[in-house]
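See structure below.
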Amino acid sequence: MVLPELADLVLPSACAGCGADRVRLTYGTCPPCVAALESLRPRTASPTPPPPGFPACVAVGAYSGPLRGALLAYKEKGRHRLAGPLGTLLAGAVAALAPRDRPVTLVPVPSTSAARRERYGDHMARLADHAARRLRTAGYRVNVVQPLRALPRPDSTSLDASERATVAVNSLRMTSRIGVLRRDDRSRGTLVVADDIVTTGATLAAVVRRLEEADMQVTGAAVLAATELRKISPGI
């Protein structure tokens, strides 16, 4: 259902999901990992506690197992063929937030220039494009826009929640405005922020704040994974 395009059976790499070697692969993922990924169902997720301004959020699954392996292989090891199946998974999370009868504006969380160089492109923009194509095939009207730019920001591991939130907001700049979804006209469409992983929630809250400062009404956030330290509900 969720990974029908996994048809590359000859990749000479270990499985992206579990690391198994010398096994049959489909887009770099072995059959058991494909089955595990296909079994995932989007559900609501939230940090504990959520930062101020954190949006309604839907995650495909926990940041563990084959999903974690596939994400790391895609982001850190240049396994860009995984953008297709991961984008399909992301489309499921977007669909959980977006009514089919309204246009959908998908805003990927921006990457810094350094991250784009390291990963040979904007990994979230690529995933959002794949998700949009999957949604259009399912009958949605989807537009991917990138109105934000990410600036370099300092390491936040030693910061408290309030300091992380401030750093996250200050690292984002609005570069263009979206011509839909004004606060006074919510019926015109659905605005969904897309990211790969939610941990503390500071980044998603910061993106929502910047968009709402530009008078955009954010419906929610769709992410691939939520860290295991975060609370994931039984379903949506």
Exercise for review: Show your working on side chain to side chain contact (heavy atoms under 4.5 Å, CB included) between T199 and I197 and close with a plain yes or no.
Suggested key: CA-CA 6 Å; T199 51; I197 305 166; 4.0 Å; yes

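- Note that CG of L106 and OG1 of T190 are 11.0 Å apart. Values are rounded to the nearest 0.5 Å.
- Under 3.5 Å, the side chains of H123 and R126 contain no donor-acceptor pair of N or O atoms.
- Side-chain heavy atoms closer than 4.5 Å link hydrophobic residues (I, L, V, M, F, W, Y) into clusters, and following such links, possibly through other members, connects M174 to V145.
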Check your understanding: Going through the checks in order, is the side chain to side chain contact (heavy atoms under 4.5 Å, CB included) test met by Y63 and L72?
Key -> CA-CA 10 Å; Y63 186 54; L72 286 174; 3.3 Å; yes

Exercise for review: Please test L127 against Y74 for side chain to side chain contact (heavy atoms under 4.5 Å, CB included), starting from the C-alpha separation and ending with a verdict.
Suggested key: CA-CA 10 Å; L127 287 179; Y74 169 65; 3.7 Å; yes

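- Remark: D122 CG to Q146 CD distance equals 5.5 Å, nearest 0.5 Å.
- Judged by distance alone, the side chain of R116 and the main-chain N or O of S111 form a donor-acceptor pair under 3.5 Å.
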**Study point:** Verdict with supporting geometry, L37 and L67, side chain to side chain contact (heavy atoms under 4.5 Å, CB included)
**Key:** CA-CA 7 Å; L37 292 171; L67 182 58; 4.0 Å; yes

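- Residues C18 and C30 form a side-chain contact, since some pair of their non-hydrogen atoms from C-beta on lies under 4.5 Å apart.
- Residues L90 and M124 come closest through the heavy atom pair CD2-CE, 4.3 Å.
- For the pair R149 and T175, the tightest heavy-atom approach, listed with the atom from each and the gap, is CB-CG2, 3.6 Å.
- Closest approach of V144 and P108 over heavy atoms only: CG1-CD, 3.9 Å.
- Side chain of H130 to backbone of L82: no donor-acceptor contact under 3.5 angstrom is found.
- Looking at every heavy atom in both residues, P110 comes nearest to L172 through CG-CD2, 3.8 Å.
- Heavy-atom minimum distance, P66 versus A36: CG-CB, 3.8 Å.
- Between L71 atom CG and L86 atom CG the span is 5.5 Å, to the nearest 0.5 Å.
- Heavy atoms from other residues, nucleotides or ligands lying under 6.0 Å from CZ of R119 number more than 12.
- Of the possible polar contacts, one joining the R141 side chain to the D101 backbone as a donor-acceptor pair under 3.5 Å is found.
- For the atom pair L191 CG and N143 CG, the distance stands at 10.5 Å (nearest 0.5 Å).
- Distance check, rounded to the nearest 0.5 Å: CZ of R134 to CG of D129 gives 14.5 Å.
- Residues V198 and F54 form a side-chain contact, since some pair of their non-hydrogen atoms from C-beta on lies under 4.5 Å apart.
- Side chain of T29 to backbone of C15: no donor-acceptor contact under 3.5 angstrom is found.
- Using a distance-only test at 3.5 Å, with no hydrogens or angles considered, a donor-acceptor pair links the side chain of R210 to the main chain of V169.
- Scanning both residues, P51 and A205, for their nearest heavy atoms gives CG-CB, 4.1 Å.
- Contact check for V223 versus L204: side-chain heavy atoms found under the 4.5 Å cut-off.
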